[in-house]
Amino acid sequence: LVSDWRRFAAVEGVSQRVVQLPEGAGRRTRWIAVAEYSETPPGGEPVRHGLAIDATEREELLSRVNLQSQRLQSLWHIATQRGKTDAEKMQLMLHLAQEVLSLDAVAVITLNAGSFSLQIGVGATGSLDGEVTPFLDEHLYRECIEERRSFYVNDLREDPAFVGHPHLAETGVSGFAGVPVWVGNQLHGVMVFLRRAKRVESFSADDRTFMELLATWFGQLLLEGRQRAELEHLAMTDVLTRLINRRAAEVRFQEEFARA
């Protein structure tokens with residue numbers, strides 16, 4: 001095979017193509033790289049030579065790289081958009097995750113005084129009450145918080161801790177992923193990814209990387225927002241008295257004058 005391949009590589013006029021061979025429903029698609037050329041020996045008939053190599057792994061890798069590249073480019077585009085508020089960017093990021101990961105709901109759950117609450121999210125029906133709210137007190141969120149790590153369950157209905165859970169039948173939620181959201185050194189909450197469709201494969205390594213990056217970027221937006229608010233407060237406050245300074249008084253006067 002090696003000698004044949006070297007012979008093919010040395011011949012001019014070799015035609016090359018990649019052929020997709022469907023293997024049927026539910027089976028892995030195979031890709032075959034084909035190289036062909038023709039030669040006519042002196043006084044003989046044309047002879048056609050061909051070589052086929054299984055290129056499935058290469059094509060799957062290229063497909064994964066292209067897909068992940070498109071995801072990251074879309075995320076970068078949202079994060080760097082001018083004229084969008086942080087809240088609008090966050091909403092767009094969650095919509096992007098819902099679309100590219102084929103999810104039914106994406107949300108950020110915050111922990112305050114020992115209880116969870118919904119901060120922001122997007123759902124397949126426009127409302128998250130049916131997807132997220134029933135799970136606000138469940139241990140899945142708490143595990144992400146207490147262990148400070150990401151948590152993935154391909155099918156909750158097959159997880160021993162959730163077998164027979166009444167909300168599974170109500171919501172139809174199957175896949176779950178929870179990624180901690182850090183704002184600086186402070187744990188802010190959990191970014192939750194939910195889907196109803198049952199899949200044989202779990203969340204892929206690329207899916208998990210995208211989720212982790214999304215949660216990191218989300219936390220960075222929150223951190224920058226807090227820093228801007230703190231700087232604005234310092235700019236409007238007298239250092240000694242902690243009262244509003246002249247600049248703040250002028251701004252307030254202009255606002256009241258415009259309102260009048």
Side-chain angles (χ1 to χ4, degrees), residues 1-81 92-106 122 124 149-158 174-179 191 193-217:
L1 180 61
V2 174
S3 61
D4 285 346
W5 176 251
R6 289 175 178 173
R7 186 178 68 178
F8 267 75
V11 174
E12 295 183 0
V14 174
S15 65
Q16 302 181 38
R17 67 184 188 277
V18 177
V19 181
Q20 181 180 2
L21 300 178
E23 295 290 339
R27 299 179 64 184
R28 183 184 186 189
T29 299
R30 304 198 71 83
W31 298 83
I32 305 297
V34 180
E36 298 175 310
Y37 75 93
S38 297
E39 64 176 355
T40 303
E45 296 292 330
V47 178
R48 191 170 186 84
H49 301 271
L51 179 66
I53 298 177
D54 189 343
T56 302
E57 291 186 3
R58 184 194 69 180
E59 292 299 318
E60 289 178 344
L61 177 59
L62 289 174
S63 177
R64 284 175 47 202
V65 169
N66 290 333
L67 176 61
Q68 191 74 335
S69 176
Q70 292 173 6
R71 290 175 176 179
L72 298 180
Q73 288 177 8
S74 298
L75 184 57
W76 172 258
H77 175 71
I78 292 172
T80 57
Q81 273 189 354
L92 289 172
M93 286 181 178
L94 297 188
H95 276 293
L96 174 65
Q98 182 187 14
E99 178 182 353
V100 301
L101 298 175
S102 301
L103 300 169
D104 290 284
V106 185
V122 295
R149 68 175 181 87
S150 300
F151 194 69
Y152 304 93
V153 180
N154 186 45
D155 192 346
L156 292 170
R157 289 166 291 191
E158 295 180 358
S174 174
F176 170 90
V179 180
M191 183 169 286
F193 305 84
L194 300 172
R195 69 184 181 200
R196 289 191 175 94
K198 182 178 179 179
R199 297 183 183 178
V200 176
E201 72 279 5
S202 183
F203 293 105
S204 69
D206 290 337
D207 291 343
R208 298 185 184 196
T209 298
F210 182 78
M211 293 176 186
E212 300 273 355
L213 181 59
L214 183 63
T216 299
W217 220 319

CH2 (Trp31) and OG1 (Thr56) are apart, to the nearest 0.5 Å, by 9.0 Å

If you apply the rule side-chain contact (heavy atoms from CB on, under 4.5 Å), what do you find for Phe203 with Leu101, and how did you get there? CA-CA 9 Å; Phe203 293 105; Leu101 298 175; over 6 Å; no

Mark yes or no for whether Ser74, through its side chain, and Gln70, through its backbone, hold a donor-acceptor pair below 3.5 Å. yes

Any side-chain donor-acceptor pair under 3.5 Å between Glu212 and Ser150? yes

When you look at CZ of Arg64, are more than 12 heavy atoms from neighbouring residues, nucleotides or ligands closer to it than 6.0 Å? no

Measuring from Ile32:CD1 to Asp54:CG, what's the distance to the nearest 0.5 Å? 4.5 Å

CD/Gln81: more than 12 non-hydrogen atoms of other groups inside 6.0 Å: yes

Is there a side-chain contact between Met191 and Leu94, using heavy atoms and a 4.5 Å cut-off? yes

Side chains of Val106 and Met93: does their closest heavy-atom pair fall under 4.5 Å? no

Around atom NE2 of His95, are there more than 12 heavy atoms of other residues, nucleotides or ligands at under 6.0 Å? yes

Here the gap from Gln68 atom CD to Thr209 atom OG1, rounded to the nearest 0.5 Å, amounts to 6.0 Å

If we ignore angles and hydrogens, is there a donor and acceptor under 3.5 Å between the side chains of Ser204 and Asp206? no

Quick one: pull up CG in Leu213 and CG in Leu72 and give me the separation to the nearest 0.5 Å. 6.0 Å

Heavy-atom side-chain contact between Leu67 and Phe210 under 4.5 Å: no

Test Arg195 against Asn154 for side-chain contact (heavy atoms from CB on, under 4.5 Å), laying out the working first. CA-CA 9 Å; Arg195 69 184 181 200; Asn154 186 45; 2.8 Å; yes

From CA spacing to verdict: side-chain contact (heavy atoms from CB on, under 4.5 Å), His77, Gln73: CA-CA 6 Å; His77 175 71; Gln73 288 177 8; over 6 Å; no

State, yes or no, whether a side-chain contact exists between Tyr152 and Asp207 at a heavy-atom distance under 4.5 Å. no

Less than 4.5 Å apart, side chain to side chain, heavy atoms only: is that true for Val65 and Leu61? yes

